Amino acid sequence: QVQLVESGGGLVQAGGSLRLSCAASGLSFSIYTMGWFRQAPGKEREFVAAIEWIGSTTDYADSVKGRVTTSRDNAKNTVYLQMNSLKPEDTAVYYCAARRLGKGSKSYSDYDYWGQGTQVTVSS
């Protein structure tokens, strides 16, 4: 049974930082491209970042580029999202997702498995 478990969310002031983690189990983590998405109340789920299974190539949404970094530790079956200079508009539930043997994708329908999400709230 595949499980993706996010952690590290919370309440932070604008300008602050958070590091989200997503621990994967039940899959061969090293062959999965990992994505991060977020969904704010009343809005559609949107792409944040992705890191590919081969070469760890990364991609970021324009809205977070320069403020966010994703990385992975295949030995720990974990992907990370380091978020700096947070803004109130970053407030959302953040989800990690896994895509087997695929390239990084901005489309949530391309991912095979999803975590339950972790809430990030940025106060002004």
Side-chain angles (χ1 to χ4, degrees):
Q1 180 182 358
V2 174
Q3 281 193 311
L4 303 177
V5 180
E6 301 96 335
S7 60
L11 174 63
V12 63
Q13 287 189 330
S17 298
L18 282 174
R19 188 175 85 150
L20 306 184
S21 300
C22 172
S25 61
L27 52 68
S28 298
F29 183 76
S30 63
I31 63 168
Y32 279 80
T33 284
M34 301 302 293
W36 288 95
F37 290 76
R38 67 186 182 186
Q39 188 165 19
K43 294 188 176 182
E44 292 187 353
R45 191 169 298 192
E46 64 173 357
F47 170 79
V48 176
I51 182 164
E52 293 186 352
W53 68 280
I54 189 166
S56 294
T57 302
T58 56
D59 190 20
Y60 300 95
D62 288 342
S63 59
V64 303
K65 202 169 289 184
R67 301 188 295 120
V68 165
T69 303
T70 187
S71 60
R72 63 191 298 157
D73 185 337
N74 287 346
K76 295 182 178 180
N77 286 4
T78 300
V79 62
Y80 305 98
L81 188 70
Q82 177 68 45
M83 302 189 293
N84 302 321
S85 303
L86 283 163
K87 306 175 181 180
E89 50 264 43
D90 294 318
T91 295
V93 177
Y94 283 70
Y95 299 89
C96 70
R99 184 187 189 197
R100 187 176 183 272
L101 295 174
K103 294 180 67 65
S105 172
K106 293 179 171 62
S107 174
Y108 63 82
S109 63
D110 286 335
Y111 291 82
D112 303 307
Y113 302 104
W114 290 85
Q116 83 290 348
T118 186
Q119 176 71 46
V120 171
T121 303
V122 184
S123 63
S124 57

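Computed from a predicted model, the values in this text were never measured in an experiment. Numbering of residues begins at 1 and proceeds along the displayed sequence. Computation of the quantities below employed the complete heavy-atom set of this structure, encompassing side-chain atoms and omitting hydrogens, waters and symmetry-equivalent molecules.
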**Asked** Looking only at heavy atoms, what is the nearest atom pair of Leu11 and Ser123, with distance?
**Response** CD1-CB, 4.3 Å
**Donor-acceptor contact present, side-chain Thr91 to main-chain Val122, <3.5 Å** = yes
**Asked** In Å, rounded to the nearest 0.5 Å, how long is the span from CG of Asn84 to CZ of Arg67?
**Response** 9.0 Å
**Asked** Do you know which two heavy atoms are closest between Lys43 and Gln39, and how far apart they sit?
**Response** O-NE2, 3.1 Å
**Message:** I'd like to check the side chain to side chain donor-acceptor pair (under 3.5 Å) partners of Lys87; sequence neighbours left out, ordered by chain and number.
**Reply:** none
**Message:** Applying disulfide bond (SG atoms under 2.5 Å apart) as the test, list every pair that has at least one member in residues 44-87; sequence neighbours left out.
**Reply:** none
**Asked** Are any side-chain N or O atoms of Ser71 and backbone N or O atoms of Tyr80, one a donor and one an acceptor, separated by less than 3.5 Å?
**Response** no
**Asked** Going by heavy atoms in the side chains, are Leu86 and Gln13 under 4.5 Å from each other?
**Response** no
**Request:** Identify the heavy atoms of Val79 and Phe29 that sit nearest to each other, and give their distance.
**Result:** N-CZ, 4.0 Å
**Asked** Taking C-beta and beyond as the side chain, do Leu27 and Arg100 meet within less than 4.5 Å on heavy atoms?
**Response** no
**Summary of salt bridge (charged side-chain N to carboxylate O under 4.0 Å, His left out) pairs that have at least one residue in residues 1-16, sequence neighbours excluded** = none
Show me, pair by pair, the donor-acceptor contacts under 3.5 angstrom made by side chains of residues 49-61, not counting sequence neighbours?
| from | atom 1 | to | atom 2 | distance (Å) |
| --- | --- | --- | --- | --- |
| Glu52 | OE2 | Gly104 | N | 2.9 |
| Asp59 | OD2 | Lys106 | NZ | 2.4 |
| Tyr60 | OH | Thr70 | N | 2.9 |

**Complete:** What one should report as the nearest heavy-atom pair of Tyr113 and Leu4 is O-CD1, 3.5 Å
**Prompt:** Would you call Arg38 and Asp90 a salt bridge, using N to O less than 4.0 angstrom?
**Reply:** yes
**Request:** Starting at CG of Leu20, measure out to OG1 of Thr78 and round the result to the nearest 0.5 Å.
**Result:** 12.5 Å
**Complete:** Students should find that the hydrophobic cluster of Tyr111, defined by side-chain heavy atoms under 4.5 Å apart, otherwise consists of Phe37, Phe47, Val93, Tyr95, Tyr108, Trp114
**Connected via hydrophobic side-chain network under 4.5 Å: Val5 and Trp36** = no
**Message:** Looking at every heavy atom in both Ser85 and Ser17, which two are closest together, and how far apart are they?
**Reply:** N-OG, 4.4 Å
**Prompt:** Below 4.5 Å, heavy atoms only, C-beta onward: do Val120 and Met83 meet side chain to side chain?
**Reply:** yes
**Asked** What's the spacing between Asp73 CG and Ser30 OG if we round to 0.5 Å?
**Response** 12.0 Å
**Request:** Report the distance from atom CD of Gln116 to atom SG of Cys96, rounding to the nearest 0.5 Å.
**Result:** 7.5 Å
**Message:** I'd like to check the side chain to side chain donor-acceptor pair (under 3.5 Å) partners of Ser107; sequence neighbours left out, ordered by chain and number.
**Reply:** Ser109
